[in-house]
Amino acid sequence: GWRCVNTFADQAGPRKAEIVGTPDIGFTRDDVHFVIGGVHHADPSAEQLAAMVSGRDRVTVRVGPSKADADGTIFGPNLITSLYNTDNPMSFAAAIVDYELAFPCRGRERARTWLFTPDGSARWSGAAIDRTLADVMAAKLTAAQRVQKTFHSKRVWVATALKGLPQPSSDGEVQAFVRWSSVESLRVYARLNHDYQARRRDDLVRASVDAVNATALPCIDDVEDAAYVQQLADGLDDDAT
């Protein structure tokens with residue numbers, strides 16, 4: 001269940017609130033379609049899922065309203081597409097196929113069953129996501145690396161990584177992929193076919209990202225800071241004279 005949340009965030013950059021949803025609104029199994037050999041399957045069997053070909057097939061996720069798209073009408077067909085790539089640890093498509101096989105859900109139940117859950121039943125809460133992310137970071141990152149990193153950092157990373165690809169994305173394409181509302185992003189998103197989108201998100205695993213968070217910059221000592229401000233003030237007095 002965490003793998004699905006984590007890879008979806010890695011490739012799509014959703015807000016945590018979108019994953020958690022509200023008591024009545026959220027991602028369901030029915031929002032996920034599997035494109036196998038070019039054919040869309042809304043309710044695939046275990047045999048069909050097991051037959052998916054890595055590097056060829058893909059998964060599409062229908063998304064609802066978000067902060068940047070309050071009416072759910074802005075971002076083209078409202079589909080996020082992920083390439084099924086078993087060699088890519090960030091592949092949401094690979095994660096969701098394994099999840100579907102582990103927690104089968106067929107027929108009309110798909111529209112009534114939440115997508116993002118720890119174990120196929122109850123949904124993730126925001127607090128549970130935060131705790132799990134904190135545990136994962138504690139196991140994988142140093143204390144310095146964990147500073148100021150939250151689930152929202154995934155969204156920032158996707159936007160940054162799209163610029164760090166061998167063929168960097170345009171500003172409009174970045175805004176479209178992470179669904180930041182702008183006129184430019186709407187024009188670009190309308191031209192993104194789903195095979196291209198899936199492969200582009202899959203390429204994020206090879207992005208070269210070298211970014212510095214503002215909180216990581218060295219701070220000026222309070223005494224030096226005060227002296228610097230006084231120096232500026234003295235300079236202003238000289239100019240006035």
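Throughout, residue positions are numbered sequentially from 1 according to the sequence presented.
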Salt bridge (Lys or Arg N to Asp or Glu O under 4.0 Å) with [X]: which residues, sequence neighbours excluded?
X: D30; value: R62
X: R131; value: none
X: K16; value: D130
X: R123; value: none

**Message:** Test: ring pair (Phe, Tyr, Trp, His ring centres under 6.0 Å). Region: residues 140-174. Which pairs qualify, not counting sequence neighbours?
**Reply:**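 Those involving residues 140-174 do not exist here.
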**Request:** Using the ring pair (Phe, Tyr, Trp, His ring centres under 6.0 Å) rule, collect all pairs that involve residues 95-138, keeping only residues at least two apart or in two chains.
**Result:**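 Only W2-W124, F8-F116, F27-F116, Y99-F103 qualify under ring pair (Phe, Tyr, Trp, His ring centres under 6.0 Å).
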With sequence neighbours left out, what residues match [X] under side chain to side chain contact (heavy atoms under 4.5 Å, CB included)?
X: S169; answer: L162, E173, V174, R200
X: S121; answer: D119
X: V39; answer: H41
X: R108; answer: R112

**Single hit among D195, D203, D202 for side chain to side chain donor-acceptor pair (under 3.5 Å) with R199** =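 Looking at D195, D203, D202, the match for R199 under the side chain to side chain donor-acceptor pair (under 3.5 Å) is D195.
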**Asked** Hey, are D10 and R201 close enough for a salt bridge, meaning a charged N less than 4.0 Å from a carboxylate O?
**Response**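 No.
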Only distances under 3.5 Å count here; give the side-chain donor-acceptor pairs of residues 132-143 to other protein atoms, sequence neighbours excluded, each with its distance to 0.1 Å.
unit_1, atom_1, unit_2, atom_2, d
T132, OG1, A128, O, 2.8
T142, OG1, Q145, N, 3.1
T142, OG1, Q145, OE1, 3.4

**Spacing of D43 atom CG and H33 atom NE2 [to the nearest 0.5 Å]** =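 Going from CG on D43 over to NE2 on H33, the span is 9.5 Å.
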**Message:** Would the distance check show the side chain of R155 and the main-chain N or O of V178 forming a donor-acceptor pair, the cut-off being under 3.5 Å?
**Reply:**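 Here the side-chain-to-backbone pair exists.
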**Prompt:** Is there any salt bridge (charged side-chain N to carboxylate O under 4.0 Å, His left out) pair reaching into residues 80-104, and which pairs are they, with sequence neighbours excluded?
**Reply:**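 Output for this query lists R3-D98, R29-E100, E100-R110.
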